[in-house]
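Below: one structure, written as structure tokens.
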Amino acid sequence: MMQDTWKQVLADICHPTRLQILSIVQKSPSNFSNIATQVALSNSEVSRHLNRLFDQGVLEKDAKSRQISLTKYGALIHHSLVPLHFFCEFKHIFTKHDILDLPEFLLADLPLLKNAEFIKGTGPVMFKMQEITERAQKSLKMMVDQPFPFGKVGTSVEFIVPPSLMAMRDKIEKNSLTIDARLYDFVRYSICITDNGEALLFLPKNETNPDFESCFYVSSPQNPAFLFICQIWDHFWKNGKKIEEI
């Protein structure tokens with residue numbers, strides 16, 4: 001019975017017009033006339049769609065003002081649809097990039113990347129990488145699978161790399177105040193985080209290395225996407241092998 005209930009809820013809600021209505025009232029309560037104008041349908045069609053949403057308990061109407069708004073239950077349902085909207089919007093990314101090796105708590109927060117800027121093209125991506133490393137003040141965090149410049153003279157560097165890149169350690173130590181590292185046999189993601197609150201995230205191509213043809217960029221530490229990228233970094237840093245363990 002419960003399985004039939006959630007199927008019916010989805011059937012009633014996931015109609016394009018009803019999803020549009022939910023988005024309208026999620027921003028602020030609205031009256032019938034305003035909803036009908038925005039969805040550009042006849043009054044009878046709007047009434048039909050609204051009644052399905054009322055029947056499912058996701059909408060309510062104030063008896064005095066006649067304003068239509070989300071119920072608390074409706075707000076939860078709408079919130080649960082946000083990740084689906086994000087994955088559909090970036091379908092071109094998630095059909096070409098395999099991220100299912102991330103733990104569930106990170107996968108659940110993946111839609112926070114909607115707050116990031118998506119940069120496409122090897123040239124713009126590499127230019128952005130150069131820009132933010134040059135703007136770093138005192139420290140950098142880098143996760144890479146190939147020998148990129150790890151920053152500028154005078155910065156402290158933490159990096160996550162495959163063991164083969166440890167051959168660059170002497171060169172890095174000459175340019176850095178301090179270094180620390182975690183090692184993985186196979187690095188699939190690439191991350192760059194600076195101490196001034198900028199970050200880049202490169203997702204892996206399906207079953208291969210990081211894709212340097214596109215990335216998510218964040219320019220502020222207050223951005224929820226910045227905190228999410230830091231979470232990914234912390235996950236890999238915590239689980240990587242220390243240099244002395246090799």
Side-chain angles (χ1 to χ4, degrees), residues 93-94 96-103 106 110 113 116-219 221 225-246:
I93 297 298
F94 297 112
K96 297 179 181 178
H97 298 81
D98 178 14
I99 57 170
L100 292 178
D101 59 330
L102 290 176
L106 288 176
L110 198 68
L113 288 175
E117 176 187 350
F118 182 70
I119 301 176
K120 187 175 182 180
T122 304
V125 164
M126 292 298 101
F127 181 73
K128 182 61 69 175
M129 172 77 85
Q130 181 180 357
E131 272 190 330
I132 75 168
T133 54
E134 289 177 352
R135 285 197 290 263
Q137 299 298 311
K138 295 181 179 180
S139 64
L140 277 170
K141 296 179 178 180
M142 300 285 295
M143 181 176 182
V144 290
D145 72 325
Q146 53 187 282
F148 275 100
F150 286 91
K152 59 186 181 182
V153 175
T155 56
S156 297
V157 182
E158 294 178 346
F159 58 94
I160 300 172
V161 293
S164 60
L165 288 195
M166 288 311 297
M168 296 183 62
R169 182 176 180 179
D170 291 343
K171 181 178 180 181
I172 298 168
E173 287 179 330
K174 290 179 182 179
N175 293 330
S176 303
L177 293 175
T178 60
I179 69 164
D180 198 0
R182 296 293 184 270
L183 306 181
Y184 281 82
D185 292 334
F186 190 52
V187 173
R188 299 183 66 241
Y189 298 80
S190 186
I191 297 172
C192 177
I193 302 173
T194 72
D195 58 345
N196 63 345
E198 293 184 271
L200 292 171
L201 171 65
F202 301 83
L203 299 179
K205 293 181 181 179
N206 287 333
E207 300 180 0
T208 60
N209 298 13
D211 180 6
F212 291 107
E213 295 180 358
S214 64
C215 70
F216 290 93
Y217 166 65
V218 187
S219 60
F226 178 83
L227 300 177
F228 175 67
I229 294 174
C230 289
Q231 280 187 301
I232 298 177
W233 169 272
D234 291 342
H235 165 71
F236 284 108
W237 183 263
K238 178 182 177 181
N239 293 288
K241 295 180 180 179
K242 296 181 180 179
I243 298 175
E244 57 267 24
E245 295 176 350
I246 303 301

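We count residues from 1, following the sequence as given.
Taking each heavy atom of Pro221 and Phe226 in turn, the nearest pair found is CA-CD2, 3.5 Å. Shortest non-hydrogen contact noted between Ile191 and Leu201 is CG1-CD1, 3.8 Å. Heavy atoms only, all atoms of each residue included: Ser190 and Val144 are closest at OG-CG1, 3.6 Å. Heavy atoms only, all atoms of each residue included: His97 and Asp211 are closest at NE2-OD2, 2.8 Å. The shortest heavy-atom contact between Asp145 and Val187 is CB-O, 3.7 Å. Closest approach of Trp233 to Phe159, counting heavy atoms only: CH2-CA, 4.0 Å.
Within the model, atoms NZ of Lys138 and CG of Asp195 stand 8.0 Å from one another, a figure rounded to the nearest 0.5 Å. Considering CE of Met129 and CZ of Phe212, their distance stands at 6.0 Å, rounded to 0.5 Å. A distance of 13.0 Å separates CZ of Arg182 from CE of Met143, quoted to the nearest 0.5 Å. Note that CG of Leu140 and CD1 of Ile132 are 7.5 Å apart. Values are rounded to the nearest 0.5 Å. Taking OG from Ser214 and CG from Leu203, the interatomic distance works out to 7.0 Å, rounded to the nearest 0.5 Å. Taking CG from Leu200 and OG1 from Thr133, the interatomic distance works out to 9.0 Å, rounded to the nearest 0.5 Å.
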Result block: side-chain N/O donor-acceptor pairs under 3.5 angstrom for residues 116-127, not counting sequence neighbours:
none

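For the pair Cys215/Lys128, no side-chain contact is recorded, criterion being any heavy-atom separation below 4.5 Å from C-beta on.
The list of salt bridge (charged side-chain N to carboxylate O under 4.0 Å, His left out) pairs with a residue in residues 196-205, not counting sequence neighbours, reads Arg135-Glu198.
Evaluation of the side-chain contact (heavy atoms from CB on, under 4.5 Å) rule for Pro204 yields Ile99, Arg188, Tyr189 as partners, not counting sequence neighbours.
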Side chain to side chain contact (heavy atoms under 4.5 Å, CB included) between Leu227 and Gln231, intermediate numbers included: CA-CA 6 Å; Leu227 300 177; Gln231 280 187 301; 5.8 Å; no
